[in-house]
Colleague: 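I have a structure here, written as structure tokens, and I will follow up with some questions on it.
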There are 2 protein chains.
Amino acid sequence: MKRPTLKDVAKAASVSTAAVSYVLNGKHEKVSGETLERINNVIKSLNYVPDYSARSLVKNQSRLIGIVIPQTEKHAQLILENPWYSEIISGIEGKLRKYGYHLLLSGVNQGESYLDLLIQRNLDGAIIMGIYPEEFYEGLKKIKIPIVLIDSYINDSYFYRIGIDDEYGGYLATKYLIDRGHTNIGMITGAIRREGVVEKRFLGYKRAIRESNLFYNPDYVFEDSMSYDHGVAAGHRIASAFPEITAVFATADMIAFGLIKSFTDEGIRTPDDISVIGFDDVFMSRMFLPPLTTVRQDIKKKGVIAAERLLSLIGEAGDDDNGQSEDLRETILPLEIVERGTVIRRGNGQSLTETEHGRG
Amino acid sequence: MKRPTLKDVAKAASVSTAAVSYVLNGKHEKVSGETLERINNVIKSLNYVPDYSARSLVKNQSRLIGIVIPQTEKHAQLILENPWYSEIISGIEGKLRKYGYHLLLSGVNQGESYLDLLIQRNLDGAIIMGIYPEEFYEGLKKIKIPIVLIDSYINDSYFYRIGIDDEYGGYLATKYLIDRGHTNIGMITGAIRREGVVEKRFLGYKRAIRESNLFYNPDYVFEDSMSYDHGVAAGHRIASAFPEITAVFATADMIAFGLIKSFTDEGIRTPDDISVIGFDDVFMSRMFLPPLTTVRQDIKKKGVIAAERLLSLIGEAGDDDNGQSEDLRETILPLEIVERGTVIRRGNGQSLTETEHGRG
DNA sequence: TTGTACGCGTTATCAC
DNA sequence: GTGATAACGCGTACAA
């Protein structure tokens with residue numbers, strides 16, 4: 001026995017397909033109480049489940065939300081091994097499911113036709129993370145579905161954006177180190193791309209340094225990829241070539257983990273010999289040893305809010321909490337420093353002005 | 001201007017819809033070279049993208065693979081914050097995308113109609129992780145789509161299974177500790193459910209202990225949830241109530257992290273005072289400090305293989321490597337111990353028979 | 001309440 | 001050998 005269709009239900013209940021459809025869509029005013037019940041019984045006994053493809057075809061909505069994740073150059077796989085993505089997806093999925101939407105997860109091979117996915121599947125909306133070339137966004141606009149951008153600084157009122165104040169975050173982290181007596185502060189980061197989150201954090205870093213009349217030394221900026229491995233590599237370089245650095249700002253917690261690992265291997269203790277502050281507060285950060293001091297953003301909430309925004313755009317009123325419509329185009333989530341165990345006040349009261357250098 | 005349809009293309013190219021369809025589906029033998037080119041040009045210029053809903057309707061295949069993740073009781077959100085899931089999904093997604101399939105990600109609220117998802121969306125197949133009540137599997141069988149179960153011990157030849165030998169893994173871990181002189185070995189674990197992976201690991205633990213003529217003490221088994229928090233809680237209990245325990249086997253790396261954390265807080269050093277071995281080797285394990293000794297399973301590969309198996313069931317010949325059809329119903333991936341920094345030989349040569357106890 | 005045209009793409013049938 | 005016609009798959013919603 002194959003899957004029953006609406007037609008089968010209609011036949012079994014001796015009614016028209018229209019009647020069944022009405023019942024399915026809750027248009028009870030179109031159906032008498034008796035037939036309603038009869039149809040419902042048949043649906044149950046036949047185990048009928050409507051076909052979303054057919055529905056999507058006629059209603060032009062699929063109850064499907066796409067979520068697009070960038071690929072790094074290096075990995076063919078999804079970037080999901082970055083816990084940051086896992087957490088945010090977790091938030092998105094939970095919210096969407098509550099409203100009867102499903103989640104289509106897809107990475108994009110760069111240079112590929114990312115957009116076809118959104119069209120082919122008749123997606124009702126999409127959440128896009130990461131940063132892409134300009135044309136990508138131009139293409140997105142042509143498909144006219146609601147789109148929420150996460151962590152994008154694209155200045156285009158067409159899109160809805162959820163993000164944080166990355167510049168401020170970078171400032172916050174760096175200032176935090178400065179306030180604790182550090183003057184030679186390194187920054188370890190992924191690729192600094194124009195208008196990307198990393199660039200903003202970098203800007204914040206520089207602002208804090210300048211504002212405190214410290215010397216900005218470009219050599220202290222270690223730019224490569226947003227990865228643990230980069231953290232490891234940078235840590236070794238700092239250990240061997242920059243002994244004067246007493247604190248580092250890692251623009252992602254994953255990088256911080258790598259840093260601390262290589263410092264440890266080099267016999268440099270965190271935070272006793274060198275302080276480290278991260279960014280993100282992925283859930284592993286509190287589990288790390290020592291627990292990572294970091295700039296916290298509420299990642300899961302970011303996902304939830306992105307989903308809510310999308311739902312309300314689609315007309316599902318997904319906004320549970322606020323609902324006040326300020327400028328919905330852009331939502332900036334708060335940031336805060338979580339003080340844990342990887343930053344220490346330098347010099348411990350005694351001025352280091354004489355030597356000015358040296359972790360040793 | 002709205003989205004162009006196949007009909008639009010046909011009109012613009014002055015051909016029938018059939019011709020366009022042929023081109024789309026690579027049935028070039030049905031179309032002359034000239035029209036082929038013309039149609040292709042129109043497709044490009046119109047930016048035509050076929051609608052999968054319509055296609056799904058007629059072909060009864062959606063190029064959509066479902067992936068079902070269980071929810072724990074505690075979390076409303078996806079369990080994605082467990083890196084284990086992230087990694088395996090990463091593997092699955094990469095493989096599927098390569099073959100033009102998309103991934104539908106969904107958690108299941110327990111007791112809910114998980115199955116509707118699979119039917120509604122006309123999924124071509126599904127990958128199911130975790131363990132569910134019996135009825136669930138019965139329901140699955142009624143939908144007649146290929147299904148790959150990950151880490152399930154359901155004994156039903158209807159399903160295809162990918163897993164590891166959990167019993168052996170538990171044995172391996174415990175034996176490893178025993179071989180290093182430990183005799184009082186705790187086991188910290190998530191819920192031990194009948195025929196679940198955890199039960200198997202538990203069985204392995206007991207076998208190793210008995211085989212070595214050690215005393216199996218049920219008090220040494222701390223069962224709760226597969227979580228970091230449980231590790232923390234268990235660690236504190238061990239510290240305060242079971243000083244004689246010198247080594248613990250955590251049935252998941254996440255638990256191990258929690259254990260080590262609470263040990264550290266209690267002033268108990270790992271591995272100097274107590275040894276810890278984990279299970280899984282999630283990517284964080286090598287990053288942890290100290291790096292976690294653990295039973296490694298190749299998580300991402302598990303995902304890749306699950307995807308391959310599914311693809312080949314669907315008829316996409318997803319098996320890149322082997323292809324030899326042994327008993328494809330069940331694939332057991334290898335396990336190995338990764339020696340890192342959290343297990344130490346006990347007693348360091350000197351016999352402890354006198355005291356027999358004490359991490360002191 | 002029902003009949004039915006419609007949405008979009010596929011494919012079997014048939015014609016040139 | 002090419003390619004057009006039309007029925008079909010499933011559910012929706014308007015006209016009757």
Side-chain angles (χ1 to χ4, degrees), chain A residues 2-40 42-43 46-64 100 116 118-124 143, chain B residues 2-40 42-43 46-64 100 116 118-124 143:
Chain A
K2 55 196 294 292
R3 177 175 170 189
T5 72
L6 183 144
K7 220 171 282 181
D8 298 328
V9 175
K11 208 170 298 172
S14 319
V15 294
S16 73
T17 61
V20 179
S21 180
Y22 290 141
V23 172
L24 249 43
N25 293 292
K27 304 195 177 165
H28 293 179
E29 73 280 4
K30 311 270 268 174
V31 181
S32 79
E34 198 221 344
T35 36
L36 173 79
E37 195 178 347
R38 187 149 40 98
I39 291 173
N40 270 328
V42 174
I43 287 177
L46 253 53
N47 266 316
Y48 168 72
V49 179
D51 184 327
Y52 270 53
S53 300
R55 199 175 264 180
S56 162
L57 205 53
V58 47
K59 301 229 280 200
N60 229 3
Q61 59 127 291
S62 57
R63 296 212 148 251
L64 219 44
D116 287 2
L118 309 185
I119 308 177
Q120 286 169 333
R121 299 287 184 186
N122 252 310
L123 299 191
D124 291 347
I143 317 167
Chain B
K2 55 194 295 293
R3 178 175 167 189
T5 72
L6 182 143
K7 219 170 283 181
D8 297 329
V9 176
K11 207 169 299 171
S14 318
V15 294
S16 72
T17 60
V20 179
S21 182
Y22 293 144
V23 172
L24 248 44
N25 292 292
K27 305 195 176 166
H28 293 180
E29 72 278 6
K30 311 270 272 174
V31 181
S32 76
E34 197 221 346
T35 35
L36 173 81
E37 194 178 349
R38 186 147 41 96
I39 291 173
N40 270 329
V42 174
I43 287 178
L46 253 53
N47 265 318
Y48 168 72
V49 179
D51 184 327
Y52 270 52
S53 299
R55 200 175 261 182
S56 161
L57 206 52
V58 47
K59 301 229 278 200
N60 227 4
Q61 60 126 292
S62 57
R63 295 213 149 257
L64 218 45
D116 288 2
L118 308 186
I119 308 177
Q120 286 168 332
R121 298 290 183 185
N122 251 313
L123 299 191
D124 291 346
I143 319 166

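Side chains are part of it too, since the values below use all heavy atoms of this structure and drop only hydrogens, waters and symmetry mates. The shown structure was predicted, so the numbers you read here are calculated from the model rather than taken from an experiment. In the text below, chain A, chain B and the rest are named by the order of the sequence lines, each starting its count at 1.
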Colleague: Under 4.0 Å between a side-chain N or O of B/Lys7 and OP1 or OP2 of C/dG7?
Modeller: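 No, outside the criterion.
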
Colleague: By nearest heavy atom, map B/Arg38 and B/Leu57 onto DNA chain D; which one lands nearer the 5' end?
Modeller: B/Arg38

Colleague: Under 4.0 Å between a side-chain N or O of A/Ser21 and OP1 or OP2 of D/dA13?
Modeller: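 Looking at the OP1 and OP2 atoms of D/dA13, neither is under 4.0 Å from any side-chain N or O of A/Ser21.
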
Colleague: With a 4.0 Å cut-off on heavy atoms, is A/Tyr48 in touch with a base, just the backbone sugar-phosphate, or nothing at all?
Modeller: sugar-phosphate

Colleague: With distance as the sole test, does B/Asn25 use its side chain to make a donor-acceptor pair with the main-chain N or O of B/Lys27 at under 3.5 Å?
Modeller: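 The answer is no, because no donor-acceptor pair under 3.5 Å joins these two groups.
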
Colleague: Can you tell me how far P of C/dT11 sits from CG of B/Leu24, to the nearest Å?
Modeller: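 Going from B/Leu24 (CG) to C/dT11 (P), I get 11 Å.
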
Colleague: Reckon B/Val20 touches a base, only the sugar-phosphate, or nothing at all at heavy-atom distances under 4.0 Å?
Modeller: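 No contact.
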
Colleague: Applying side chain to side chain contact (heavy atoms under 4.5 Å, CB included) between B/Val23 and each of B/Thr35, B/Val31, B/Val42, report the one that passes.
Modeller: B/Val31

Colleague: Any side-chain N or O of B/Arg55 below 4.0 angstrom from OP1/OP2 of C/dC8?
Modeller: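 Answer no for this pair, as no side-chain N or O of B/Arg55 is under 4.0 Å from OP1 or OP2.
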
Colleague: Would you say A/Ser56 reaches C/dG7's phosphate, i.e. side-chain N/O to OP1/OP2 under 4.0 Å?
Modeller: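 No.
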
Colleague: When you compare the protein's N or O atoms with those of nucleotides 4-6 of chain D, which come within less than 3.5 Å of each other, and at what distance?
Modeller:
{"from": "D/dA4", "atom 1": "OP2", "to": "B/Ser16", "atom 2": "N", "distance (Å)": "2.5"}
{"from": "D/dA4", "atom 1": "OP2", "to": "B/Ser16", "atom 2": "OG", "distance (Å)": "2.6"}
{"from": "D/dA4", "atom 1": "N6", "to": "B/Tyr22", "atom 2": "OH", "distance (Å)": "3.3"}

Colleague: When you get a sec, tell me which of C/dT10, D/dA13, C/dC8 is the closest nucleotide to the side chain of B/Lys59?
Modeller: C/dT10

Colleague: Tell me what B/Thr5 touches on the nucleic acid: a base, only sugar-phosphate, or nothing, going by heavy atoms under 4.0 Å.
Modeller: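 Sugar-phosphate contact only - B/Thr5 comes under 4.0 Å of backbone atoms but never of a base.
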
Colleague: As an exercise, state the distance from CD1 of B/Ile143 to CG of A/Asn47, rounded to the nearest 0.5 Å.
Modeller: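 If we round to the nearest 0.5 Å, B/Ile143:CD1 and A/Asn47:CG are 9.5 Å apart.
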
Colleague: Identify, with sequence neighbours excluded, every residue that meets side chain to side chain contact (heavy atoms under 4.5 Å, CB included) alongside B/Leu6.
Modeller: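 Side chain to side chain contact (heavy atoms under 4.5 Å, CB included) check on B/Leu6 returns B/Thr17, B/Val20, B/Ser21, B/Leu24, B/Tyr48.
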
Colleague: When you measure from the side-chain N and O atoms of A/Ser32 to the phosphate of C/dT1, is any distance below 4.0 Å, counting only OP1 and OP2?
Modeller: yes

Colleague: Base, sugar-phosphate alone, or nothing: which one does A/Asn25 contact when heavy atoms must sit under 4.0 Å apart?
Modeller: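 Sugar-phosphate: the residue A/Asn25, judged by heavy atoms under 4.0 Å, touches backbone atoms but no base.
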
